[in-house]
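Just so we're clear, the structure is a prediction, and the values are computed from it rather than from any experiment. Convention: sequence-line order gives letters A, B, ...; per-chain numbering from 1.
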Amino acid sequence: MKRVYIKEEVCIGCGLCEVYCQLQHSQSKDLVKAFNRETPQPLPRVEVERNGPVSLSLRCQQCLDTPCIYACLTGALSRDTSTGIVNIDEEKCIGCGTCALACPFGAIKQDYERGKAIKCDLCQDEEIPACVANCPNEALVLIEIEEELLNSKPAMISR
Amino acid sequence: MVNNKLTVKYLIIGNSAGGIGAVEAIRDIDKTGSIAMISDEPYPTYSRPLISEYLAEKRPIDKISFRPADFYKVNNIQIISGNKVETLDVEKHTAELADGRQIAWEKLLLATGGVPIVPPTPGISKRGVFNFITLDDAKLIDQFLNDADGVVVIGGGLIGVSVTEALLKRNARVTVVEMKDSLLNLILDEEVSTMAKEKLQLAGVEVLTSHTVAEISNTSMNRDTVSSVIMDDGRIILCNAVVVAIGVRPRIELARNSGININRGIVVNRQMETSHPCIYACGDAAESYDFINGDYRLSPIWPNAYMGGRIAGFNMAGIHNEYQGGTSMNSLNYFGLRIASAGTVNPPDNSYEVLKESKGSNYRKVVIKDGVIVGMILTGNTEKAGIYINLMRNKINVEEFKYVLVTEDFGLASIPEELWLPQLSLPSSAEDYSIITAEEPEEILAGE
Ligand SMILES: Cc1cc2nc3c(=O)[nH]c(=O)nc-3n(C[C@H](O)[C@H](O)[C@H](O)COP(=O)(O)OP(=O)(O)OC[C@H]3O[C@@H](n4cnc5c(N)ncnc54)[C@H](O)[C@@H]3O)c2cc1C
Ligand code: SF4
Ligand code: SF4
């Protein structure tokens, strides 16, 4: 299973991961069009959160135990057992945001224009997700890991 | 078909959120144990909240189904639809269906959901009065409704607002009657409830709060068909249909008749087990653990039904598992207003601390007790709702950073690193994984 992890201490909050995520999820795959001229406007699925010295490039962690799927009202969310990627079926999704109540990271975003939930899909067929490939500081790391070795609990460490 | 006797390892009554949660968990553990699911609704599992989409835009049944069409086949589940379980024998471990069939089971789940609450209002059984709980209810309204019809919706809760939005899309003129003084009062505070009311009014809905319908009547020739309602203050509202949307109460007659402990709903423990060994219950039918209040109560929402079912399923398959608990939590997107709410949003006394902040369309409110968040409401951008709920669930003391909770750009980065960084960082033992790097970093150029 592929997973993207962060090295928070070297992330400088430049936001290029967002830019390249948006580009990757555009129709045109052209920077200028993807940012200025495409409708519906493509949106990034990764988000850089900044708070003083802390900057963090946040995306869905493709959890093993998936509270978002368990919460989904419509059956739009499912987990591909071969890749471990949690996918949204946009035909079914009604953009209600119930999945976002369950994600402990706040990693599910909403495309308000289209009324759909959107999230990181690890760039599906790309060998390296766009964010990882384009981080100038190597703050994002793509790894291959056996499913059994993954931390199964998505919840925060408590107390 | 009649008279043959079926024997299964797992019998699931109810083919909705709770039932599906259970069978998916059972199949995670037990790939072969026989499963039968029974529902008195004549459909494969569908998303109940989506009946409003069916009514609004005739979204076809395959687009509101909760699982793919081959779900039962792939999971080797015998599905019996359009058939009701009439009686249970909890000693002999059998169930009898309406068509006379008997089913013997080892483990039983009651995921029987709820039945609509119908007030004893005079005229309630007239033609043109509907519930809004099942797909068949939505179909009946769909067939009955004509363009520009007037509809009175009784109940300004989740189901009432949901049907109102669908009716508007069908070009109906809608009046919502709510007994309490505000809409969605179980899940919203006054501020956000007022926002919701304004949105409804802006969309052309007449909202009558602090009133009830005294009588459903008819002023026209056809005595059996509704043509108006008479309000408690004597006002008459002409209408072609009435939708009763007060809510649901647990469907517990099977449990009651077989001596299983019930309170308002079926009583279960943290394993979702009822007072009878081998019999489990979940969802709208059961009183399940609430992690905010620390007690067992009804929480008729979809995610809690699924999770309760899932925990029941694990235990039924022999894997001990405890329900972490749910709480009231809702994410709404009606009339262009996005709201997320969870837990205790209206503190009952002044031992609670309330923080709130409002900026444009973004309202943020948290309710804190003894340093721990026990309730929250967000409007506008609600994407980060899960972070709050996770802080609530894990009873994290937020005293040190509570003021960031109501900032507009709240996110993981706003709260102490130790709460999230370990989860997002590389696994600790480096032998467990390999790092993938590109042979040659790809250049993606701007423009053409
Ligand atoms: C219009 C509407 C909108 C909603 N919107 C939301 C929302 O936005 N968010 C949210 O979280 N929740 C929402 N809900 C609530 C949610 O749908 C319920 O909490 C959920 O469906 C409960 O699932 P359940 O499995 O417990 O029971 P149900 O979904 O009620 O299913 C129980 C099933 O069991 C069958 N059954 C019962 N007894 C028998 C018997 N004796 N024999 C055979 N079959 C039987 C019933 O026919 C039914 O099919 C909404 C509900 C409605 C009606
Ligand atoms: S809970 Fe959040 S992080 Fe985990 S799989 Fe779902 S969206 Fe991704
Ligand atoms: S927003 Fe879409 S994916 Fe999320 S719970 Fe609603 S229907 Fe499911």
Chain A interface, residue from B/K384, B/R48, B/M329, B/R338 that has the most non-hydrogen pairs under 4.5 Å: B/R338

Toward chain A: residues of residues 53-60 of chain B with heavy atoms under 4.5 Å: B/E53, B/R59

Which portion of A/C72 sits near chain B, non-hydrogen atoms under 4.5 angstrom: backbone

Minimum-distance pair of heavy atoms, taken over all atoms of B/T382 and A/A100: O-CB, 4.5 Å

Interface moiety of B/L424 toward chain A, non-hydrogen atoms closer than 4.5 Å: both

Closest non-hydrogen atom pair between A/L101 and B/N330, with its separation: CD1-C, 3.6 Å

Pick from B/N333, B/I301, B/I436 with the largest number of heavy-atom pairs that fall under 4.5 Å of chain A: B/I436

Full working for side-chain contact (heavy atoms from CB on, under 4.5 Å) between A/F105 and B/N390: CA-CA 9 Å; A/F105 306 113; B/N390 208 47; over 6 Å; no

Inter-residue atom distance A/I94.CD1 - B/S52.OG, 0.5 Å rounding: 6.5 Å

Most chain B-contacting option - heavy-atom pairs closer than 4.5 Å, from A/V4, A/L142, A/V132, A/I145: A/L142

Chain B contact via A/Y112 - which portion, at a heavy-atom distance below 4.5 Å: side chain

Contacting moiety of A/I108, where chain B heavy atoms sit under 4.5 Å: backbone

Between CD1 on residue A/I69 and CD on residue B/E24, distance to nearest 0.5 Å: 9.0 Å

B/K402, NZ atom: more than 12 neighbouring heavy atoms under 6.0 Å: yes

Donor-acceptor pair, side chain of A/E49 and main chain of B/A413, under 3.5 angstrom: yes

Side chain B/W302, main chain A/A71, donor-acceptor under 3.5 Å: no

Interface moiety of A/E138 toward chain B, non-hydrogen atoms closer than 4.5 Å: neither

B/E383 side chain to A/A107 backbone, donor-acceptor under 3.5 Å: no

Heavy-atom check, side chain of A/V141 versus side chain of B/L426, under 4.5 Å: yes

Proximity breakdown for B/R310 and chain A, heavy-atom pairs closer than 4.5 Å: side chain

Side-chain touch B/P303/A/T98, heavy atoms, less than 4.5 angstrom: yes

A/K92/B/S65 under side-chain contact (heavy atoms from CB on, under 4.5 Å): CA gap, chis, key distance, verdict: CA-CA 9 Å; A/K92 279 194 167 174; B/S65 63; 3.9 Å; yes

Trace of the side-chain contact (heavy atoms from CB on, under 4.5 Å) decision for B/Q423 with A/Q61: CA-CA 9 Å; B/Q423 300 288 323; A/Q61 292 304 108; over 6 Å; no

Worked check of side-chain contact (heavy atoms from CB on, under 4.5 Å) between A/N51 and B/F410: CA-CA 9 Å; A/N51 179 21; B/F410 171 81; over 6 Å; no

Heavy-atom pair with the smallest gap, counting every atom of A/I143 and B/I435: CG2-CG1, 3.9 Å

Shortest non-hydrogen contact from A/I6 toward B/W420: CD1-CZ3, 4.5 Å

When A/G115, A/A102, A/G95 are compared by non-hydrogen pairs under 4.5 Å with chain B, the top option: A/G95

Rounded distance (nearest 0.5 Å) linking atom NZ of A/K7 with atom OG of B/S425: 10.5 Å

All ring-ring contact (aromatic ring centres under 6.0 Å, His included) counterparts of A/Y70, not counting sequence neighbours: B/Y306

Taking every non-hydrogen atom, the tightest pair across B/F66 and A/T74: CD1-C, 3.5 Å

